[in-house]
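Structure first, then comments.
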Amino acid sequence: MTTVLAALLITATAGGPAAAGGSGGPERVSRPGEYAGYSPVLYDEWVRTSQYLPTRDGTRLAVDLYRPAVDGKAVERPFPVVWEHQLSRASRAEDGAVDLRGVTSGMAELTKYGYTVAFVDRRGNGASFGTMTGYHSRTEASDAYDVTEWLAAQSWSDGQVGVFGCSNTGDAAMQAATVGAPHLKAVFAGNYSFHKYDAFQRGGIRANWGVGPNRTREEDLRNLPVDADADGALLRQAVEQHQANTSLRDMWREAPYRDSEVASVGTQPWLEYSVATYKEAIERSGVPLYSYDGWDDDFRKESLVGAATLTNPHKILVGPWLHCENQGFDIVAERHRFFDHWLKGVDNGIMQEPEVHYYTGSSDGTGQWRDARQWPPKPSARPTRYYLGGGTSGTVDSVNDGTLGRSGRTGRAAATPTPSTTR
């Protein structure tokens, strides 16, 4: 197997991305939710390792790394890195079953094609140290900068970094675009809130789910410690720090208005925690964005408003789904397409497609996917001239009942218009 993999690596290096799926190779397919033939499968194994990485203020964040492997050992060749700013990268259920975010998300699959995939617990969550102040604070955004640049600097990284996520991690992915990390090259974010107040306080009524992540000490202790923390001592220390996390329920109650200031977090939370506040910073970065959502999700308007507001290169996907669902659509393949284009330079046509791919339903339960160059879709219309005609239409009981026609000769009254005069 090692010989075969070495041959594949030589072929991929010599041919480059444009050679993938060439003469005699697999059929090339690149369209929304489908992707094949553009990236050769280089590996059939991955290994997971975990450790702490430092941030600028010394807070240690837990990270899981999924790396391509041969015979159980990580490949030392540098690859692009894609990562998610998580709440729990790895945990154990009450029955002992282990949940690895790299597996349940399907993203570890990208290691086969020459990616390193990382999952980082946000401060105050998972096995990370620190406390969570507010919800997507600027401290977390600074952490995203530090994580991105740390990942870019590792020997197994080629310096091309992308970030992804959905819901609270979709918000975190968009926040990562607000801090100007030099090595951040692409963002794939789903079901996020662009204006937090609009998403959480619709019409002055707080969303019934708007209490954010809240975990007991016992639930926190079910997160997996990093590899070096064999006895879980560091995890227990981190969990104790989590007890000082902001109570989001209390914070929202203290912020009834868009510009409310909350003393416990020392800021105007709706403004500081909103992606929209940092529109200019995101646009200065020029980072390409992919936003997706579902028509049956509470945030569907938010993703569309964000996409319509920002001038960055953008893709938009809206399907017939609830929150962070994607039934019948391969979201991992779509992430792969997007990251291949922006992190590897693969000419797979994704950015030549119409910007918007969306699903339309009908009352009989059927529907179809459509494309549009902009949102809302520009209607295909042409001006049509109508003429007042003689007679009555019979549609209303009024002396004003009359007819309209496409021809200028619809009746005696219309045949010879009499110009009006005034004196």
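Quick note: numbers below take in every heavy atom, side chains included, and nothing from hydrogens, waters or symmetry partners. Numbering starts at 1 and runs along the sequence shown.
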| query | Using 4.0 Å as the upper bound for N to carboxylate O, is an ion pair formed by Glu76 and Arg67? | reply | yes
| Is the closest side-chain heavy-atom distance between Leu289 and Met174 below 4.5 Å? | yes
| request: Assess whether side chain to side chain contact (heavy atoms under 4.5 Å, CB included) is satisfied between Val275 and Gln175, documenting all intermediate values. | output: CA-CA 6 Å; Val275 173; Gln175 295 284 350; 3.8 Å; yes
| request: Indicate yes or no: at least one non-hydrogen side-chain atom of Val305 is less than 4.5 angstrom from one of His195. | output: yes
| field | Test item: His341 and Val346 side chains (from C-beta on) under 4.5 Å apart, heavy atoms | value | no
| request: Walk me through it: do Val120 and Glu84 pass the test side chain to side chain contact (heavy atoms under 4.5 Å, CB included)? | output: CA-CA 6 Å; Val120 180; Glu84 184 177 35; over 6 Å; no
| field | Heavy-atom pair with the smallest gap, counting every atom of Met251 and Gly134 | value | SD-CA, 3.9 Å
| Phe339 side, atom CZ; Gln160 side, atom CD - distance, nearest 0.5 Å | 12.5 Å
| Is it true that the NZ or CZ of Lys344 lies under 6.0 Å from the centre of Tyr115's six-membered ring and within 45 degrees of the ring axis? | yes
| field | Arg92 side, atom CZ; Leu221 side, atom CG - distance, nearest 0.5 Å | value | 12.5 Å
| message | Looking at Gln268, is its backbone amide N or carbonyl O close enough to the side chain of Glu261 to form a donor-acceptor pair, meaning the two atoms are under 3.5 Å apart? | response | no
| task | Please answer whether the main-chain N or O of Tyr192 pairs with a side-chain N or O of Asp171 as donor and acceptor at a distance below 3.5 Å. | result | no
| field | Salt-bridge present (Asp293, Arg300; N to O < 4.0 Å) | value | no
| Parallel, tilted or perpendicular: which fits the ring planes of Phe200 and Phe299, with parallel below 30° and perpendicular above 60°? | tilted
| query | How about Thr267 and Glu272: does a side-chain donor come under 3.5 Å of a side-chain acceptor? | reply | yes
| Ring-ring centroid check Tyr292 Phe188, cutoff 6.0 Å | yes
| Full working for side chain to side chain contact (heavy atoms under 4.5 Å, CB included) between His357 and Arg370 | CA-CA 6 Å; His357 188 62; Arg370 298 177 183 269; over 6 Å; no
| field | Any side-chain heavy-atom pair of Leu224 and Leu100 under 4.5 Å | value | yes
| field | Value rounded to 0.5 Å, distance of CG in Leu42 from OH in Tyr113 | value | 9.5 Å
| said: Under 6.0 Å between ring centres: does that hold for Phe338 and Tyr290? | reply: yes
| task | Return the minimal non-hydrogen interatomic distance between Ala307 and Ile316, and the atom names on each side. | result | CB-CD1, 3.4 Å
| query | Looking at side-chain heavy atoms only, is the closest gap between Leu271 and Pro269 below 4.5 Å? | reply | no
| Polar side-chain atom of Thr116 near backbone of Val81 as donor-acceptor pair, under 3.5 Å | no
| message | For the aromatic rings, using the six-membered ring if either is Trp, is the centroid distance between Phe129 and Tyr52 under 6.0 Å? | response | yes
| request: For the pair Phe164 and Trp83, evaluate ring pair (Phe, Tyr, Trp, His ring centres under 6.0 Å) and give the outcome as yes or no after the intermediate values. | output: CA-CA 6 Å; Phe164 62 93; Trp83 71 284; 8.6 Å; no
| Asp64 side, atom CG; Arg89 side, atom CZ - distance, nearest 0.5 Å | 4.5 Å
| message | Pair Lys279, Glu283 - check salt bridge (charged side-chain N to carboxylate O under 4.0 Å, His left out), show working. | response | CA-CA 6 Å; Lys279 170 185 180 293; Glu283 291 181 326; 2.9 Å; yes
| remark: Result for side-chain hydrogen bond (donor to acceptor under 3.5 Å, both in side chains) between Asp220 and one of Arg215, His242, Arg236 points to His242
| request: Please answer whether the main-chain N or O of Asn348 pairs with a side-chain N or O of Ser30 as donor and acceptor at a distance below 3.5 Å. | output: yes
| field | Exam field: side chain Thr246 to backbone Leu248, donor-acceptor pair closer than 3.5 Å | value | no
| request: Of all the heavy-atom pairs spanning Arg77 and Tyr43, show the shortest one and how long it is. | output: NH1-OH, 4.1 Å
| said: Measuring from atom SG of Cys166 to atom CG of Asn191, what distance do you get when rounded to the nearest 0.5 angstrom? | reply: 3.5 Å
| Nearest heavy atoms of Val75 and Val70, plus distance in Å | CG2-CG2, 3.9 Å
| field | No-hydrogen, no-angle side-chain donor-acceptor test under 3.5 Å, Thr131 and Asn245 | value | no
| Taking Ser285 for the side chain and Gly180 for the main chain, is one N or O donor matched with an acceptor at less than 3.5 Å? | no
| task | Assess the pair Trp375 and Tyr358: is the distance between their ring centroids shorter than 6.0 Å? | result | yes
| Should the ring pair Tyr35 and His336 be called parallel, tilted or perpendicular, given that the plane angle runs from 0 to 90° and is split at 30 and 60? | perpendicular
| Side-chain donor-acceptor pair under 3.5 Å between Glu302 and Ser193, yes or no? | no
| field | Sidechain N-carboxylate O distance under 4.0 Å for Glu353, Lys315 | value | yes
| query | Would you call the rings of Tyr66 and Phe119 parallel, tilted or perpendicular, where under 30° means parallel and over 60° means perpendicular? | reply | perpendicular
| field | Gln327, CD atom: more than 12 neighbouring heavy atoms under 6.0 Å | value | yes
| field | Side-chain touch Ser88/Arg101, heavy atoms, less than 4.5 angstrom | value | no
| task | Would you mind listing every salt bridge (Lys or Arg N to Asp or Glu O under 4.0 Å) that reaches into residues 126-153, with sequence neighbours excluded? | result | Arg56-Asp146, Arg122-Glu140, Arg123-Asp143
| Roughly how far, to the nearest 0.5 Å, is OG of Ser260 from CD of Glu254? | 9.5 Å
| Distance-only, no hydrogens or angles: does the Glu334 side chain make a donor-acceptor pair with backbone N or O of Asp330 under 3.5 Å? | no
| query | Using a distance-only test with no angle check, is there a side-chain donor-acceptor pair under 3.5 angstrom linking Asp99 and Ser91? | reply | no
| query | Should the pair Glu240-Arg217 be classified as a salt bridge under the 4.0 Å nitrogen-to-oxygen rule? | reply | yes
| field | Any donor-acceptor N/O pair, Asn312 side chain to His314 backbone, under 3.5 Å | value | no
| request: Would you confirm whether the ring centroid of Trp252 sits within less than 6.0 angstrom of the ring centroid of Trp270? | output: yes
| query | Looking only at atom types and distance, does a side-chain atom of Asp229 sit under 3.5 Å from a main-chain N or O of Ala233, one as donor and one as acceptor? | reply | yes
| field | Considering all heavy atoms, the nearest Gly114-Pro80 contact | value | O-CD, 3.5 Å
| Can you check whether Asp298's main-chain N or O pairs, donor with acceptor, with Lys301's side chain at less than 3.5 Å? | no
| query | Are Val147 and Tyr145 close enough that some pair of their side-chain heavy atoms sits under 4.5 Å apart? | reply | no
| task | Would you indicate whether the side-chain heavy atoms of Phe194 and Leu310 approach each other to under 4.5 Å? | result | yes
| Intermediate values then yes/no, side chain to side chain contact (heavy atoms under 4.5 Å, CB included), Phe329 and Leu317 | CA-CA 11 Å; Phe329 188 95; Leu317 169 70; 3.5 Å; yes
| Which heavy atom of Thr178 sits nearest a heavy atom of Ala281, and at what distance? | O-CB, 3.5 Å
